[in-house]
Chemist: 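I have a structure I would like to understand better, so I am pasting it below and will then ask my questions one at a time.
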Amino acid sequence: MGERLLMVRDLKTYFYSDIGIAKAVDGISFSVAPGEAVGIVGESGCGKSVTARSIMRLVDYPGRIVGGQILFRGEDLLTLGEQEMRRFRGGHIAMIFQDPLTTLNPVLTVGDQIVEAINLHHGNGTLRGSELLGSLNPFARKRMQEKAWARAIEMMEHVGISVPEQRMKEYPHQFSGGMRQRVMIAVALSCNPSLLIADEPTTALDVTVQAQILELMGQLRSDLDMAIILITHDLGVVAEFCDRIIVMYAGKIVEVGTVDDILFRPKHPYTKGLLRSVPKLGDRRHRIQSIPGVVPELHALPTGCRFHTRCSLATKRCALDEPPLTEIEDGHEVSCFRGTA
Amino acid sequence: MDRPLVQVRDLKVHFPMKRSFKERLRKKTPTMLYAVDGVNLDIYPGETLGLVGESGCGKSTLARAILRLCEPTSGQVLFEGKDICQLPAKEMRAQRKEMQLIFQDPYASLNPRRTVEEIVGLPLALHGTPPGQVRSRVKALLKRVGLHESHVDRFPHQFSGGQRQRIVIARALAVKPRFIIADEAVSALDVSIQAQIINLLQELQQDFNLTYLFITHDLSVVSYVSDRIAVMYLGQIVELAETQRLFDRPMHPYTKALLSAIPRVDKRTRERIILRGSVPTPINPPPGCRFYSRCFLPQKSPYCLIPPRLRQVGEDHYVACHYAVAEPPLLERGVG
Amino acid sequence: MGKAEEIIMAEPFQDKVIRSLLRMLTSFQEFWRLYRKNRMAVIGGAIVIAFVLLAILAPYVTSHDPETPNFLAIRKPPAWLSGGSWTYPLGTDHLGRDILTRIIYGARVSLLVGFIVVCFATIVGVILGLISGYFGGKVDAVIQRVIDTLLAFPYLILATALVAVLGPGLRNIIIALLYKEWIYPCRVVRGEVLVAKEQEYVEAARTVGAGDRYIMFKEILPNILASTIVVSTLRVATVILMEASLSFLGMGVEPPTPAWGIMVAEGRRFINTEWWISTFPGLAILFAVLGINLMGEGLRDALDPKLRA
């Protein structure tokens with residue numbers, strides 16, 4: 001399938017605490033092609049956010065990446081030093097979060113924060129070498145600052161904020177939720193990243209605003225030819241936005257496929273259950289079928305297939321062996337012994 | 001049709017905004033926040049009325065005003081014809097037995113320092129269950145909502161979100177209410193757990209003949225549980241219709257935009273109405289039609305400055321828009 | 001409290017006792033597990049317990065009399081200096097009294113004043129703080145203005161003035177300190193109540209028909225108790241310091257009753273030659289205050305429900 005932008009191989013991120021080791025992400029592998037939109041879905045605690053943070057190498061204590069490889073254009077991010085990693089963060093890979101209010105600094109104006117992001121990475125090549133040296137020269141510095149300011153205004157316009165010159169001077173609390181998320185996107189995109197990781201970017205927003213933001217992200221994606229990893233619990237959002245979907249459960253990938261594969265030809269019992277649990281619009285004749293039981297605790301996972309305790313198809317083998325992720329059709333992978341049934 | 005169980009008559013809840021010291025010195029009248037501004041609703045026994053709207057539209061304030069957890073500025077709330085806004089405190093406490101609230105956040109609505117028995121047992125004791133029977137009644141209630149009897153001595157932090165919501169439901173059920181307001185009761189839960197709780201609420205409705213006011217921002221959930229749906233925008237109800245009808249023939253432009261904005265698993269390629277701008281604040285709502293600033297109708301005109309009233313446009317279908325026609329065309333159906 | 005609220009507290013007696021005992025045991029285990037993690041807090045706790053035990057068991061720990069002068073052994077140095085003996089491990093003062101004995105008996109005064117003042121102050125402060133925070137409005141305004149007024153007076157000067165009016169003595173010191181001490185728990189409780197009363201569980205209790213008093217004492221109070229305990233513990237240290245200061249100024253208990261403040265004051269004249277007379281009581285004050293502070297910090301971590309599993 002051609003050149004891969006990002007390849008994650010056997011990634012393991014564990015959290016160490018008094019009560020044991022929580023295997024938040026336990027050996028997952030997937031890849032993202034340039035310009036592709038991949039959705040990672042799953043319920044809370046399935047490890048989707050930890051996966052995103054692992055790619056950015058932003059896992060907080062007591063969590064640790066204990067194994068695997070994260071290849072970005074063939075370079076393993078896990079072997080990089082912190083200094084080199086900072087070049088990737090924001091420069092090549094950007095991330096936006098669920099709650100833009102807590103990720104924006106309340107005491108700095110919005111414009112300052114975008115400019116700061118641009119200066120940190122010198123606009124990905126627009127300011128390089130000589131200009132970097134020139135930063136010691138006050139005049140060159142001023143020029144650079146002006147350049148960054150102009151670029152910030154351009155970014156604000158790009159994400160659909162009207163009167164950017166004026167709004168640049170405002171503080172985050174003066175923006176509405178949707179507008180703040182636009183600012184976050186502007187900050188993230190200011191350095192032309194080739195991969196954007198969006199962790200529940202619209203969960204805190206209202207539906208009409210969510211529609212605006214998704215439309216914006218879709219537009220930017222085609223304009224900038226940027227790959228997007230969209231992490232969400234909302235199957236509707238991935239259905240509309242993504243090319244491929246990764247379904248996670250308790251730290252493992254249970255199914256990968258195109259949007260049509262996952263939504264119309266799901267093979268894994270968990271994916272099927274998840275789809276059945278979503279109330280369909282305007283359909284109230286039958287009971288929604290829910291998945292019985294609850295997600296297992298990450299530090300006390302069941303043996304074998306992690307889903308077997310809640311699965312109606314489980315056999316003895318499911319409780320003993322872990323099913324590997326196997327390709328059943330082109331690009332459609334399932335980790336279930338009975339998945340092909 | 002039966003007599004409504006709950007009638008809301010021209011209910012208004014306005015909050016004064018904080019004034020600065022300077023403003024207070026000058027005796028400036030405080031700016032008002034029009035959280036709920038003239039709402040009329042009838043809720044019939046045994047039905048589920050869905051109430052949808054975006055954050056800040058006043059749906060939670062409406063719920064609290066109906067339960068008299070905050071005092072309305074004007075208007076009436078009639079429970080079986082009795083105006084509860086006029087009840088003295090003592091009678092109001094007895095009246096609370098009839099109406100209960102299920103909260104959104106099952107983490108905040110359970111006191112972390114009290115056991116399940118104390119939490120669920122409180123309403124029982126307050127409304128006259130003999131002390132010897134409280135524990136066994138609590139156990140019975142826990143069983144009814146799908147928890148185990150042995151959970152009775154545990155503390156809330158020992159439960160998952162879904163289980164906590166079951167405890168909240170058990171507490172609401174303890175007083176045998178007839179009317180329950182579910183304020184975003186499943187919004188904080190994961191999809192699979194959400195389905196479990198919705199099913200539980202529906203079972204309980206049948207078993208105990210409950211009437212629900214189901215408040216949510218999630219249109220798929222509300223369409224699934226409700227008989228009728230009211231759409232709220234900036235403190236006012238803009239459309240009220242029978243569920244299927246609302247989804248088939250939405251008439252208010254806001255409803256149309258809302259419906260088209262929902263991301264859907266089953267129907268991906270379709271015309272989308274994307275609203276421009278964000279919700280105006282309820283502090284200084286625009287005069288006339290509140291949706292005017294974001295309205296995309298080509299017909300919109302200065303007539304919209306005359307506030308549109310909720311008027312009937314079809315059987316059990318009310319819209320507050322001057323340009324709603326009597327029999328709207330059937331939209332392409334969402335679900336095949 | 002209403003009739004119904006009383007019922008919930010009176011149910012099958014034996015069951016309830018056994019269950020609450022069990023619950024106390026498990027919550028104590030949980031508490032200890034968290035408390036133990038903080039090594040400094042364990043040390044602080046040990047210091048405090050040592051002082052308490054010494055104060056209670058004073059007559060069994062030492063055979064000297066703390067008050068009677070012994071003119072045959074005036075200003076003896078501590079045992080490890082030349083001229084010292086193990087009969088008087090920390091030496092003797094200008095009236096020949098054993099310093100160690102006086103420190104141990106002095107702990108009685110300090111701890112007694114500390115605990116009594118803080119206990120009463122906490123009870124008063126919690127009740128007023130609950131009322132102030134819960135009802136707000138005029139009641140709140142009145143209580144808060146009283147507190148502001150009291151805050152305007154320096155603690156020590158206010159207490160000194162009061163003792164001067166009331167006359168010295170243990171009882172009067174306690175009254176003088178209580179006069180201002182209650183405002184500290186009161187302000188903490190009020191702040192916590194303001195947060196707690198907005199919680200949904202309070203609204204939930206109201207929707208099922210609970211009254212104000214029930215909500216204040218059964219729903220809100222248990223949630224703010226932890227921080228109250230921590231603050232009160234830390235206040236004990238301050239009160240002990242205040243008592244020592246008052247005694248030092250001669251406004252405290254009357255000599256010959258041993259109190260740390262008096263001992264420091266008495267030894268002051270000999271500080272150049274017989275330094276031990278005021279140094280050791282000073283160290284006692286230091287250790288007591290340090291121990292209590294360390295313990296308070298440990299309590300803060302261990303009682304925080306957010307840190308609990």
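Convention: sequence-line order gives letters A, B, ...; per-chain numbering from 1.
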Chemist: Can you tell me if B:Phe208 has over 12 outside heavy atoms packed within less than 6.0 Å of its CZ?
Modeler: yes
Chemist: Quick check for you: among B:Ala108, B:Pro123, B:Ala174, which has the greatest number of heavy-atom pairs under 4.5 Å with chain C?
Modeler: B:Ala108
Chemist: Could you tell me whether B:Arg68 atom CZ has more than 12 heavy atoms of other residues or ligands within 6.0 Å of it?
Modeler: yes
Chemist: With the side chain counted from C-beta on, respond yes when B:Pro156 and C:Tyr201 share a heavy-atom pair under 4.5 Å apart, and no when they do not.
Modeler: no
Chemist: To check you understand the geometry: which heavy-atom pair defines the closest contact between C:Ala204 and B:Ser109, and what is its length?
Modeler: CB-O, 4.1 Å
Chemist: Given heavy-atom pairs under 4.5 angstrom as the criterion, report whether the side chain, backbone, both or neither of B:Met92 touches chain C.
Modeler: neither
Chemist: How about OH on C:Tyr35, more than 12 heavy atoms from neighbouring residues, nucleotides or ligands closer than 6.0 Å, or not?
Modeler: yes
Chemist: Which answer fits B:Asp153, side chain, backbone, both or neither, if we ask what part of it has an atom under 4.5 Å from a heavy atom of chain C?
Modeler: side chain
Chemist: Counting only N and O atoms by type, is there a donor-acceptor contact under 3.5 Å from the side chain of B:Arg93 to the main-chain atoms of C:Gly209?
Modeler: yes
Chemist: Going by heavy atoms in the side chains, are C:Glu219 and B:Arg113 under 4.5 Å from each other?
Modeler: no
Chemist: Can you tell me how far the OG1 atom of C:Thr207 sits from the CZ atom of B:Arg64, to the nearest 0.5 Å?
Modeler: 9.5 Å
Chemist: Is B:Leu122 close to C:Tyr214 at the side-chain level, that is, under 4.5 Å between some pair of heavy atoms?
Modeler: yes
Chemist: Among residues 162-172 of chain B, which residues come closer than 4.5 Å to chain C, judged by heavy atom distances?
Modeler: B:Arg171
Chemist: Salt bridge or not for B:Glu118 and C:Lys218, using N-O below 4.0 Å?
Modeler: no
Chemist: Would you say B:Tyr107 and C:Glu200 make side-chain contact, with heavy atoms under 4.5 Å?
Modeler: no
Chemist: What's the verdict on side chain to side chain contact (heavy atoms under 4.5 Å, CB included) for C:Val208 and B:Arg96, showing C-alpha distance, side-chain angles and the deciding distance?
Modeler: CA-CA 6 Å; C:Val208 297; B:Arg96 297 221 179 278; over 6 Å; no
Chemist: Are the side chain of C:Arg206 and the backbone N or O of B:Leu69 linked by a donor-acceptor pair below 3.5 Å?
Modeler: no
Chemist: So how far is it from B:Arg114 CZ to C:Asn223 CG, rounded to the nearest 0.5 Å?
Modeler: 9.5 Å
Chemist: So for atom OH, which belongs to C:Tyr155, do other residues, nucleotides or ligands contribute more than 12 heavy atoms lying within a distance under 6.0 Å?
Modeler: yes
Chemist: What option among B:Leu101, B:Asn111, B:Ile102 has the most heavy-atom pairs under 4.5 Å with chain C?
Modeler: B:Asn111
